[in-house]
Structures are given as C-alpha cells and as structure tokens.
Amino acid sequence: MGRLYLKNADLIATFDEGRREIRGGSILIDGRAIQAVGTDIAPPSDVDEVIDLSGHIILPGLINTHHHMCQSLTRAVPAAQDASLFGWLKTLYPIWSRLTPEMIKVSTQTAMAELLLSGCTTSSDHLYLYPNGSRLDDASEGASEIGLRFHAARGSMSIGESQGGLPPDHLVEREPDILTETERLIARYHDSEPFSMLRLVVAPCSPFTVSEGLMRDSAALARQNGVSLHTHLAENRDDVRYSLARYGKTPAQYAEDLGWVGPDVWHAHCVQLDAHGISLFGRTGTGVAHCPCSNMRLASGIAPIRRMRRAGVPVGLGVDGSASNDGGHLLGEARQAMLLARVRQGPAAMTAREALEIATRGGAQVLNRDDIGQIAAGKAADLAVFKLDQLVFAGALHDPLAALIFCGPVQAAYTIVNGTVVVREGQLTTLDLPVLVAKHNRLAGELLAG
C-alpha cells in the first residue's frame with residue numbers, strides 16, 4: 001500500500017458535502033486515505049503507480065448494508081423458487097442445517113467477489129446459522145483474504161418451532177451461549193478505528209426467531225461495547241401479523257419498547273413499516289437497509305423509501321441473501337431501487353443520482369460510519385471505477401452518471417478498497433476466481449445432495 005494517482009477520469013462523482021461532479025479530474029491516494037481530489041492535482045515524484053482513467057467514471061465505493069452470504073450456495077433451489085418469505089425459509093432451513101465451516105468461508109468469498117466486481121467496497125453480512133461447528137470466524141477469515149471492508153453481523157436464533165418460532169429446534173442456540181459467543185467475537189475482531197476493515201455487529205435474526213429477552217440483552221451488550229445493532233423488521237404482512245399476535249405491538253412499537261432504535265441501529269427491509277414507524281425512525285436516526293430485488297422476489301411489497309427519506313430516515317441498499325435475490329450486483333440493486341420507487345409513486349419518486357447516493361453516502365450513514373461513502377480528502381480510499389466506452393452506454397455519455405443507473409448495470413473496471421486495487425481491469429486480484437467458483441459449485445452440490 002503506497003501512493004496511487006488516478007488521472008484524467010471523465011467524471012468523478014464525489015457525493016461529498018457539495019455533491020461535486022468533477023470532469024477531467026484526478027485523485028491522489030496516500031496509503032489508506034484520499035489525499036486530494038480535483039482538476040489541478042499533479043502526481044508527486046514519489047508516487048508508486050499512475051492509472052490513466054480516460055474514458056472512465058469514478059464513484060465512492062458502493063456500500064451493501066444487508067446480506068446473507070452463505071445463501072449463495074442455495075440460489076434458485078426449485079422448491080423455494082415460488083414461495084413467500086415464511087414458506088421460503090421453511091423450505092431452506094433443512095438444507096442450511098448441513099452447512100459446514102468450509103462452506104461458510106467459501107460462500108462468503110463468492111458473495112464478496114460478486115460484490116467487488118460490481119463496485120462494492122464495504123458490506124455487512126448477517127450470519128445467523130451455525131451448524132456443524134460453523135462460526136462467524138469462518139466468514140471473517142474469508143473477508144480478510146479477499147479484501148472487502150466488512151461489517152460482520154453475529155446473528156442468532158433462539159426460538160424454535162416447539163416454542164412458536166419459525167426455525168426447526170435443532171438450528172437454534174441457547175441464549176446465554178449466543179451472548180457469550182458474541183462478546184468473544186467483539187473482543188477478538190471489532191476495530192472501531194477510522195478506516196477499520198472489520199467491525200462486529202450484534203444481530204439477532206428477527207422478532208419471530210428470538211425472544212424479547214435476547215433482544216433486550218443484545219441491545220445492552222452492543223451498547224456496553226460500542227457496536228451497532230441489526231435485525232430484520234416488518235419485512236412482509238406475515239411479519240406484521242406475527243408481531244401483533246405474539247406481542248400485541250406493531251414491529252416498530254416492538255423495536256421501540258426493546259431499545260432497538262437510534263443511530264447505532266439499522267433494520268433490514270421495513271417494507272411494511274407504518275406511519276408511526278417511519279416517524280419514529282426519522283426522529284431517532286434509526287437506519288433501514290432497502291433490499292428491492294429480494295422484496296420483489298419474495299413478493300413482500302414495495303418499501304416506502306420516498307416517505308422514509310423525507311422523514312429523515314437513513315436509508316442504504318442491501319442485496320440481501322443470494323437465495324432471496326439470487327444475485328449480488330449492488331449497482332444493479334441501485335437501479336432496481338430507482339425503478340421500484342417509480343412504480344410506487346411515479347417517475348419523480350427517485351432520480352438516478354438519488355439512487356447512487358443511497359448506495360454510497362446512505363449506506364455509510366446506515367452503518368454509522370463517517371469515513372466512507374464519499375470522495376473527499378481524508379476519507380477512506382474506497383472507489384468504484386466504471387468504463388464508459390461500452391455498448392450499454394452508447395448514446396448516453398452526455399450524462400454518464402445517470403447512465404450508470406438508467407443503462408446498466410455493468411461490472412467495475414477497478415475497485416479500490418482501503419487504497420488497494422482489488423479489481424483491476426475487470427479482474428479480481430486477491431483470489432483466483434475460477435478456482436473459487438469451482439470449489440463453491442462443488443460445495444453447493446454437496447449441500448443440496450444432503
């Protein structure tokens with residue numbers, strides 16, 4: 001990691017405080033941080049590498065706020081292709097119960113490779129299944145090898161079918177064990193410093209898989225250790241009905257009563273978040289991970305993103321699990337976010353630039369970080385670079401930034417994470433991708449075969 005000079009970019013979309021769009025600009029990177037950005041930056045004599053980005057557009061690295069990476073092993077499973085959320089889960093739980101530590105690591109790297117090639121530089125992963133000796137350490141090890149900035153969410157399930165929950169009893173854990181393991185992981189891995197490559201998140205799976213006690217204890221544990229909180233909330237109407245029947249509260253009321261609101265909390269989906277919930281989240285700075293492809297795939301509905309943002313709710317994007325989206329292209333997710341908002345509320349509901357802002361600055365805010373999500377001096381050197389001389393952009397170069405959303409998605413030409421070129425000329429540099437895919441396919445076959 002040294003000094004890197006990117007020059008002659010057709011457009012740099014900074015998404016900084018001034019929302020600058022710099023034509024013919026350059027960026028100087030020193031180690032992990034951006035040192036300068038503008039049109040009048042000359043390369044210093046001691047620069048280690050110069051990359052000419054004529055014909056390219058540069059964005060802040062995209063940020064993925066919700067994923068289940070192990071699900072890349074179970075894409076397009078026939079029995080789950082046409083199910084809604086609860087039926088989909090019931091179908092896949094028995095398959096996921098056969099996951100192994102090797103499967104966790106390899107599937108994590110496969111999902112991360114897909115994200116990196118789409119221009120994503122930071123991702124959360126909500127892992128709540130730990131059968132056969134699997135641990136969150138397996139995912140964290142995979143992340144460190146591939147080079148993606150990682151928010152590892154230690155998920156959990158403690159209420160099985162026999163107690164009125166959704167998962168089978170053999171997949172749930174004892175609540176004291178969950179808390180002990182979560183505390184161990186925080187002590188071992190969590191790095192709260194600026195430019196941190198690994199942060200831990202306390203993340204019970206959902207209101208229908210854990211107890212009220214675990215939700216409260218998890219919030220207390222997270223705040224004692226200065227880490228964030230994450231769970232699923234109000235994903236579909238069944239989710240809301242469950243909350244009303246079991247707790248006598250809407251999902252938002254339930255979250256509020258348990259202390260699950262605030263700038264250190266973000267919830268996945270919130271498709272069925274009501275007016276009270278939107279107001280509550282806006283007032284408290286509680287974040288939402290918007291997952292449009294998954295919500296369409298499972299017919300959960302259309303999240304009221306325009307209303308949320310107008311109320312001040314922090315909103316980021318999530319590709320969600322690879323078995324409920326079946327893909328992990330974050331630029332494609334931004335496109336779907338824009339299109340789905342327009343289906344709900346008309347063509348002015350979301351602009352292309354707003355979709356990209358949600359995918360960058362929005363994601364940073366949701367993850368409670370101020371060091372990523374924009375291109376500015378002193379921010380992390382996380383960049384997504386796209387080549388513009390492609391067929392899909394023909395006729396649209398009068399507005400290349402909008403073209404990324406309207407005409408794409410395309411793969412990244414370069415993805416730079418923490419000052420390191422992780423994707424170069426469209427190729428992953430940190431792992432042998434064909435070898436990884438072959439291993440992943442072998443393990444997926446073993447998993448499905450039982």
Side-chain angles (χ1 to χ4, degrees), residues 1-6 9 12-15 27-35 37 48-49 51 53 56-65 67 69 108-125 139-152 189 191-199 316-319 328-331 333-334 356 359-361 363-364 366-367 369-387 411-433 436:
M1 187 182 302
R3 306 194 84 187
L4 178 62
Y5 180 68
L6 311 176
I12 300 171
T14 64
F15 290 99
I27 300 174
L28 178 61
I29 295 169
D30 189 359
R32 300 184 298 165
I34 296 168
Q35 184 173 334
V37 55
D48 294 287
E49 183 180 5
I51 301 177
L53 293 179
H56 293 74
I57 183 172
I58 306 177
L59 308 180
L62 308 182
I63 297 170
N64 179 40
T65 62
H67 209 332
M69 294 181 178
T108 296
Q109 291 183 329
T110 300
M112 287 183 169
E114 191 170 11
L115 288 168
L116 285 162
L117 289 165
S118 74
C120 177
T121 55
T122 298
S123 182
S124 174
D125 181 43
S140 299
E141 181 182 338
S144 67
E145 291 177 5
I146 201 169
L148 186 75
R149 199 180 297 279
F150 192 33
H151 282 233
Y189 291 111
D191 179 3
S192 61
E193 293 299 313
F195 307 144
S196 164
M197 288 293 288
L198 179 57
R199 293 190 179 176
L317 288 181
V319 299
H329 197 301
L330 198 52
L331 190 62
E333 203 74 35
L356 287 170
T360 52
R361 287 182 65 97
V366 165
L367 296 183
R369 296 191 72 143
D370 61 6
D371 55 345
I372 60 176
Q374 54 184 292
I375 300 175
K379 301 298 183 182
D382 288 7
L383 303 169
V385 182
F386 299 91
K387 195 173 183 181
Q411 297 291 83
Y414 292 85
T415 303
I416 299 171
V417 184
N418 217 33
T420 298
V421 180
V422 181
V423 173
R424 184 184 294 273
E425 296 183 353
Q427 301 298 315
L428 191 67
T429 65
T430 49
L431 292 178
D432 188 326
L433 190 57
L436 176 64

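The chain is numbered in sequence order, starting from 1.
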So, [X] side chain and [Y] main chain: donor-acceptor pair closer than 3.5 Å or not?
| X | Y | answer |
| --- | --- | --- |
| D371 | F195 | yes |
| T415 | L116 | yes |
| Q35 | D30 | no |
| R199 | S192 | yes |
| S196 | D191 | yes |

Separation between [atom1] of [X] and [atom2] of [Y], rounded to the nearest 0.5 Å:
| X | Y | atom1 | atom2 | answer |
| --- | --- | --- | --- | --- |
| D382 | T420 | CG | OG1 | 9.5 Å |
| N64 | F150 | CG | CZ | 10.5 Å |
| I372 | T122 | CD1 | OG1 | 4.0 Å |
| L117 | L331 | CG | CG | 12.5 Å |
| L431 | Q109 | CG | CD | 5.0 Å |
| I63 | T360 | CD1 | OG1 | 6.5 Å |

Is there a side-chain contact between [X] and [Y] in this structure, where contact means two heavy atoms from C-beta onward sitting under 4.5 Å apart?
| X | Y | value |
| --- | --- | --- |
| L428 | V422 | yes |
| M197 | V417 | yes |
| S123 | M69 | yes |
| F386 | H56 | no |

L383/Y414 under side chain to side chain contact (heavy atoms under 4.5 Å, CB included): CA gap, chis, key distance, verdict: CA-CA 8 Å; L383 303 169; Y414 292 85; over 6 Å; no
Test T121 against R149 for side chain to side chain contact (heavy atoms under 4.5 Å, CB included), laying out the working first. CA-CA 6 Å; T121 55; R149 199 180 297 279; 5.7 Å; no
Of I375, L6, L4, which meets side chain to side chain contact (heavy atoms under 4.5 Å, CB included) against I34?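 When side chain to side chain contact (heavy atoms under 4.5 Å, CB included) is applied between I34 and each of I375, L6, L4, only I375 qualifies.
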Steps toward side chain to side chain contact (heavy atoms under 4.5 Å, CB included) verdict (Y5, E49): CA-CA 6 Å; Y5 180 68; E49 183 180 5; over 6 Å; no
Side chain to side chain contact (heavy atoms under 4.5 Å, CB included), that's the test. Do L53 and I27 meet it? Break it down for me. CA-CA 10 Å; L53 293 179; I27 300 174; over 6 Å; no
Is E145 atom CD crowded by more than 12 heavy atoms from other residues, nucleotides or ligands, each under 6.0 Å away?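 Result for CD/E145: enclosed.
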Of all the heavy-atom pairs spanning L433 and A113, show the shortest one and how long it is.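 Taking L433 first and A113 second, the nearest heavy atoms are CD1-CB, 3.9 Å.
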Nearest atoms (heavy-atom pairs only) where A152 meets S140: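 Looks like CB-OG, 4.2 Å.
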